[in-house]
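Order of the sequence lines fixes the chain letters, A, B, ..., with proteins taken first and strands second; residue numbering starts at 1 for each chain.
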2 protein chains.
Amino acid sequence: MENNLNVWRAKEDITQGELAEAVDVSRQTINAIERGRYDPSLELAFKLADYFECSIEDIFEYDPTGSSDE
Amino acid sequence: MENNLNVWRAKEDITQGELAEAVDVSRQTINAIERGRYDPSLELAFKLADYFECSIEDIFEYDPTGSSDE
DNA sequence: TCAAAGAGGAAAGCATACTTTACATAATGG
DNA sequence: CCATTATGTAAAGTATGCTTTCCTCTTTGA
């Protein structure tokens with residue numbers, strides 16, 4: 001799974017902490033997702049898409065070949 | 001979080017077991033999601049949307065008011 | 001010079017998604 | 001009547017998402 005959360009965040013010019021507060025998770029959770037340490041829950045994905053007013057698919061790209069980091 | 005996975009499944013006329021195999025999870029996982037016992041991971045949500053050739057938002061509806069069962 | 005605040009990053013533990021195994025019920029058809 | 005198929009449920013264990021705490025680096029300002 002890939003994501004361009006940092007790009008969306010840069011567009012809005014907000015910090016990880018601000019985004020974290022907006023979607024009600026810890027700052028470290030946003031950090032971990034941007035760094036690719038893990039994928040968010042479906043709920044958090046919805047919250048992020050809601051915040052940026054886009055679809056989940058606009059932020060996250062699922063790679064069916066799926067070797068987690070290729 | 002609400003979903004109409006059973007409707008999509010009915011459209012394709014497949015069993016929980018068949019869907020489970022198609023998206024590579026256990027039958028109980030599909031069952032649990034349909035029954036609302038928990039939400040799928042983002043990865044599984046992508047696999048399901050892929051399978052039904054629709055968007056995640058077509059299957060799952062996030063309720064921001066969020067009291068889990070209202 | 002250095003204390004404080006702002007930004008990002010990582011480890012350990014807690015919460016939740018998922019699996020395996022097992023059992024129960026209803027519907028179908030020999 | 002009995003075997004099979006589809007669904008629902010549950011308990012125990014594993015994997016993964018998330019929080020809390022701590023650390024580093026940079027910037028600011030007295």
Side-chain angles (χ1 to χ4, degrees):
Chain A
M1 186 92 65
E2 315 240 324
N3 74 77
N4 42 35
L5 197 53
N6 55 343
V7 176
W8 284 93
R9 194 165 58 77
K11 270 187 203 165
E12 295 286 325
D13 193 30
I14 56 170
T15 67
Q16 293 181 344
E18 287 167 332
L19 178 55
E21 193 174 8
V23 296
D24 201 38
V25 293
S26 71
R27 181 182 61 74
Q28 287 74 358
T29 294
I30 298 298
N31 185 355
I33 293 167
E34 286 193 6
R35 307 239 78 220
R37 294 210 293 130
Y38 51 71
D39 299 324
S41 66
L42 182 55
E43 180 178 6
L44 180 49
F46 264 104
K47 283 183 180 175
L48 290 167
D50 260 23
Y51 179 84
F52 291 118
E53 293 179 319
C54 67
S55 72
I56 290 176
E57 290 87 347
D58 286 334
I59 305 177
F60 300 94
E61 183 176 4
Y62 174 57
D63 198 345
T65 59
S67 311
S68 76
D69 57 355
E70 64 182 61
Chain B
M1 185 91 66
E2 315 239 324
N3 74 77
N4 42 35
L5 197 53
N6 55 343
V7 176
W8 284 93
R9 193 165 59 75
K11 272 187 202 164
E12 295 286 324
D13 193 30
I14 56 170
T15 67
Q16 293 181 346
E18 286 168 332
L19 178 56
E21 192 173 9
V23 296
D24 200 38
V25 293
S26 72
R27 179 182 66 79
Q28 286 78 356
T29 295
I30 298 297
N31 188 331
I33 293 166
E34 286 193 5
R35 309 243 80 218
R37 296 208 293 130
Y38 51 72
D39 297 325
S41 64
L42 182 55
E43 179 178 6
L44 180 48
F46 264 104
K47 283 184 181 174
L48 290 167
D50 260 23
Y51 180 84
F52 290 118
E53 291 178 319
C54 66
S55 72
I56 290 175
E57 290 87 348
D58 286 335
I59 306 177
F60 299 93
E61 183 176 4
Y62 174 58
D63 198 345
T65 59
S67 310
S68 77
D69 57 353
E70 65 182 64

Quiz prompt | CD/B:Glu18: more than 12 non-hydrogen atoms of other groups inside 6.0 Å | solution = yes
Self-check item: From B:Leu19 atom CG to B:Asn31 atom CG, the distance as rounded to the nearest 0.5 Å
Solution: 11.5 Å
Quiz prompt | Length of the CG-P vector between A:Leu5 and D:dC18, whole Å | solution = 12 Å
Quiz item: Separation of A:Leu44 atom CG from C:dA15 atom C1', in whole Å?
Solution: 15 Å
Quiz item: Rounded to whole angstroms, how far apart are NZ on A:Lys47 and P on D:dG17?
Solution: 16 Å
Quiz prompt | Nearest-Å distance for atom pair CG/C1', residues A:Leu42 and D:dC18 | solution = 16 Å
Quiz item: With respect to B:Leu48, which candidate in B:Val25, B:Asp58, B:Ile56, B:Leu5 satisfies the side-chain contact (heavy atoms from CB on, under 4.5 Å) definition?
Solution: B:Leu5
Self-check item: Proximity to the side chain of B:Ile33 - top-ranked nucleotide from D:dT9, C:dC18, C:dA17
Solution: C:dC18
Quiz item: Looking at the side chain of A:Tyr38, which of C:dT20, C:dG8, D:dC18 is the nearest nucleotide?
Solution: D:dC18
Self-check item: hbond_proxy B:Gln28 side chain to C:dT20 base (donor-acceptor, 3.5 Å cutoff)
Solution: no
Exercise. Examine distances only and state if a side-chain atom of A:Glu57 and a backbone atom of B:Phe46 form a donor-acceptor pair shorter than 3.5 Å.
Key: no
Self-check item: Under-4.0 Å side-chain N/O to phosphate OP1/OP2 contact, A:Ser26 with D:dT19
Solution: yes
Quiz prompt | Phosphate contact (D:dA10 OP1 or OP2) by B:Arg35 side-chain N/O below 4.0 Å | solution = no
Quiz item: Is there a donor-acceptor pair closer than 3.5 Å between any side-chain N or O of A:Asp39 and the backbone N or O of B:Glu43?
Solution: no
Quiz item: A:Asp24 CG to D:dC18 P: how many Å, rounded?
Solution: 12 Å
Quiz item: Between B:Asn31 and D:dG8, is there a side-chain N or O to OP1/OP2 distance below 4.0 Å?
Solution: yes
Quiz item: Any donor-acceptor pair under 3.5 Å joining the side chain of B:Arg37 to the base of D:dG8?
Solution: no
Quiz prompt | Spacing between B:Phe60 atom CZ and C:dA17 atom P, to the nearest angstrom | solution = 12 Å
Exercise. Determine whether any donor atom in the side chain of A:Arg27 lies under 3.5 Å from an acceptor atom in the base of C:dG9, or the reverse, and answer yes or no.
Key: yes
Practice problem: To the nearest Å, give me how far apart CG (B:Asp39) and P (D:dT16) are. | Solution: 18 Å
Practice problem: Pick base, sugar-phosphate or nothing for B:Ser41, based on heavy-atom distances below 4.0 Å to the nucleic acid. | Solution: sugar-phosphate
Quiz item: Rounded to the nearest Å, what distance is computed from the CG atom of residue A:Asp13 to the C1' atom of nucleotide C:dG6?
Solution: 14 Å
Quiz item: Does a side-chain N or O from B:Thr15 land closer than 4.0 Å to OP1 or OP2 of D:dT5, or not?
Solution: no
